[in-house]
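Atoms within each ligand, like the ligands themselves, are counted from 1 in listed order.
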Amino acid sequence: MVTEGLAWRLTAFGDPRTGVRQEKLRYADPMAGEVLVRARTAGAGYPDAMMAAGAFPLLGEPPFGLGEEVCGDVVAVGPGSRFTVGDRILGITAFLRGWGGYAEYAYVREGSAIPVPAPLTDEEAGGFPIAYRTAYAGLVERGGLTAGEQLVVLGGAGSSGVAAIQLGKALGATVTAVAGSPEKVAFCRSIGADHAVSHRDQDLAKELRGATGGGADLVFDVVGGETAGTAVRALARHGRIAIVGFASGAPVALDPVDMLLRNYTAVGVLADAHSPAGEEAAWGRLAELAEQGLLRTPVGKVWSFDQVPDMIAEQTTPPPGKIVVKIAG
Ligand SMILES: NC(=O)c1ccc[n+]([C@@H]2O[C@H](COP(=O)([O-])OP(=O)(O)OC[C@H]3O[C@@H](n4cnc5c(N)ncnc54)[C@H](OP(=O)(O)O)[C@@H]3O)[C@@H](O)[C@H]2O)c1
């Protein structure tokens with residue numbers, strides 16, 4: 001069976017308002033390991049802006065579909081699928097092979113998909129997969145966070161940051177969030193951060209030392225640059241920094257001599273367990289915590305399907321909360 005539907009695709013690097021175009025695509029039945037969904041919502045984020053600018057490391061030349069994550073209803077399954085037509089699921093799209101989620105229909109990677117946990121709305125579900133999977137990779141798989149530890153979350157009001165704040169709290173850590181304005185600081189507190197600090201209006205080094213009671217055990221770093229450098233100086237002995245991204249434009253600069261003298265560790269984070277069993281464990285735990293109401297996407301601005309190019313253009317200076325595109329339903 002072939003399904004047809006409208007999809008937003010990047011046709012040229014540069015300004016998304018001209019380079020992102022709507023096209024009618026034909027969808028063949030999914031291959032093994034994927035399902036096809038009728039999309040309800042899609043989550044957005046800074047990586048969209050990176051993709052449009054040609055700065056996303058894992059993708060080649062356009063044209064390709066944009067949109068890393070969706071919530072939708074399964075309309076077709078690949079051979080051997082554990083899903084059934086009609087299931088409402090959330091998951092990561094096949095964007096790495098050019099099929100995105102800003103589309104009426106989307107291929108979803110079965111190993112990175114779960115039935116939507118009961119508490120989540122369509123908007124919360126569409127904005128869940130990438131952020132919470134990334135937070136899980138940074139805090140659990142790579143960062144080794146344990147209950148009672150001091151966690152510092154950089155970019156706390158952004159997509160990955162909000163997920164790391166909630167997951168950190170769910171895992172029993174004391175969480176200090178860092179964000180860029182009084183409004184964003186208040187937002188971080190409203191979603192559960194124990195402490196929140198502005199990297200623009202406050203003395204970050206002093207505030208972090210005070211908030212963490214002398215030093216952070218783990219820094220979740222999606223920002224890099226100067227802010228991450230300051231957070232590293234606030235690490236306790238035997239602390240860790242989980243390097244997830246560099247929204248500031250530059251990765252954190254590390255000094256091996258300082259690492260040696262203060263006994264701290266830096267780990268790189270790619271949100272991919274590289275094994276079906278590892279992915280299953282990650283998604284199973286996230287589903288469990290979301291079912292308990294401990295993880296719930298703080299939805300920020302919701303855009304309509306016809307606004308996708310404008311939405312991507314705004315991703316370089318997003319308002320607090322998770323940006324979501326409403327597609328159907
Ligand atoms: N490794 C992985 O698997 C993985 C997965 C997902 C994302 N990422 C990466 O993680 C990064 C963030 O992604 P995201 O979706 O969370 O982005 P996002 O929603 O745009 O959030 C990024 C946050 O960074 C903050 N920021 C920007 N410049 C800053 C600076 N100079 N100093 C301090 N804070 C700054 C902004 O907050 P303020 O306005 O409050 O400063 C913003 O809220 C990107 O580089 C992305 O590619 C990596």
Side-chain angles (χ1 to χ4, degrees), residues 43-59 67-69 92 95-96 112 127-143 152-167 177-189 191 193 196-202 204-205 207-208 219-232 241-253 266-274 279 282 297-301 311-324:
Y46 186 67
D48 296 327
M50 295 173 73
M51 287 178 200
F56 191 80
L58 303 172
L59 282 168
E68 297 178 310
E69 53 186 348
I92 297 177
F95 73 98
L96 287 176
S112 306
F128 188 94
I130 294 280
Y132 287 89
R133 182 67 188 88
T134 302
Y136 189 87
L139 301 189
V140 179
E141 293 171 325
R142 303 290 290 143
V152 169
V153 176
L154 306 184
S159 281
S160 316
V162 294
I165 291 171
Q166 286 187 357
L167 183 59
V178 177
S181 68
E183 181 204 11
K184 288 185 175 181
V185 161
F187 175 80
C188 291
R189 286 206 188 94
I191 60 160
V197 182
S198 167
H199 63 85
R200 287 206 181 86
D201 315 305
Q202 289 174 276
L204 187 57
E207 296 295 330
L208 287 182
V219 172
F220 178 84
D221 175 24
V222 290
V223 166
E226 220 176 285
T227 307
T230 305
V232 163
I241 175 167
I243 302 169
V244 183
F246 25 91
S248 69
V252 61
V267 291
V269 180
L270 184 67
D272 184 341
H274 300 292
E279 279 305 299
T297 320
V299 175
K301 192 164 173 180
M311 179 280 292
I312 294 173
E314 198 180 277
Q315 287 313 311
T316 43
T317 50
K322 178 71 185 181
I323 311 299
V324 174

> Purely on distance, is any nitrogen or oxygen of A179 under 3.5 Å from one on ligand 1?
Replying inline: no

>> I'd like to check F187 versus V162 (side-chain heavy atoms, cut-off strictly below 4.5 Å). Are they in contact?
In response: yes

> What's the shortest distance from atom 31 (N) of ligand 1 to any protein heavy atom, and which residue and atom give it?
Replying inline: S248 CB, 3.3 Å

> Hey, does V219 have a side-chain heavy atom less than 4.5 Å from the side chain of V232?
Replying inline: no

> For ligand 1, which atoms have a heavy atom of P47 less than 4.0 angstrom away?
Replying inline: 15 (O)

> Are any of the heavy atoms in G225 under 4.0 Å away from ligand 1?
Replying inline: no

>> Heavy atom to atom 13 (O) of ligand 1, shortest distance: which of P319, A137, S160 holds it?
In response: S160

>> I need the nearest protein heavy-atom contact for atom 21 (O) of ligand 1: residue, atom name and distance, please.
In response: G158 CA, 3.4 Å

> What protein heavy atom sits nearest atom 45 (O) of ligand 1, and how far away is it?
Replying inline: F246 N, 3.2 Å

> Is the shortest distance from atom 11 (C) of ligand 1 to a protein heavy atom below 4.0 Å?
Replying inline: yes

> Looking only at protein heavy atoms, which one is nearest to atom 44 (C) of ligand 1, and how far off is it?
Replying inline: Y46 CD2, 3.6 Å

>> Can you confirm, on distance only, whether ligand 1 has an N/O atom lying under 3.5 Å from any N/O atom belonging to V269?
In response: yes

>> Quick one, F220 and S160 - any side-chain contact, counting heavy atoms below 4.5 Å?
In response: yes

> Considering only heavy atoms, which of I243, D272, V223 lies nearest to atom 25 (C) of ligand 1?
Replying inline: V223

>> Are the side chains of E69 and R133 in contact, using a 4.5 Å heavy-atom criterion?
In response: no

>> I need the nearest protein heavy-atom contact for atom 5 (C) of ligand 1: residue, atom name and distance, please.
In response: T134 OG1, 3.2 Å

> How close does the nearest protein non-hydrogen atom get to atom 19 (O) of ligand 1, and which residue and atom is it?
Replying inline: S159 N, 2.8 Å

> For ligand 1, is there an N or O atom under 3.5 Å from any N or O atom of V244?
Replying inline: yes

> Any idea which protein heavy atom is nearest atom 3 (O) of ligand 1, and the distance to it?
Replying inline: A271 N, 2.9 Å

> Hey, is the main chain of A131 close enough, under 3.5 Å, to the side chain of S159 for a donor-acceptor pair?
Replying inline: no

> Do P129 and E68 come close enough that some side-chain heavy atom pair is under 4.5 Å?
Replying inline: no

>> Only heavy atoms of V222, strictly under 4.0 Å: list the atoms of ligand 1 that pass.
In response: 10 (O), 11 (C), 12 (C)

>> Looking only at protein heavy atoms, which one is nearest to atom 22 (C) of ligand 1, and what is the separation?
In response: A247 CB, 3.8 Å

> Is the shortest heavy-atom distance from the side chain of E226 to the side chain of S248 under 4.5 Å?
Replying inline: no

> Under 4.5 Å between any side-chain heavy atoms of P319 and E314, yes or no?
Replying inline: yes

> Is it true that a side-chain atom of R142 and a backbone atom of A242 form a donor plus acceptor pair closer than 3.5 Å?
Replying inline: no

> Between P298 and Y132, what is the shortest heavy-atom contact and its length?
Replying inline: CD-OH, 3.7 Å

>> So, taking the atom named OG1 in T134 and the one named CG in L270, what distance separates them when rounded to the nearest 0.5 Å?
In response: 8.5 Å

> Taking distance alone, with no angle check, do G180 and ligand 1 share an N/O pair under 3.5 Å?
Replying inline: yes

>> Any non-hydrogen side-chain atom of V223 less than 4.5 Å from a side-chain atom of D221?
In response: yes

> So which of K184, H199, M50 gets nearest to atom 41 (O) of ligand 1, if we judge by its closest heavy atom?
Replying inline: H199

>> Taking distance alone, with N or O pairs closer than 3.5 Å, would you say T227 contacts ligand 1?
In response: yes

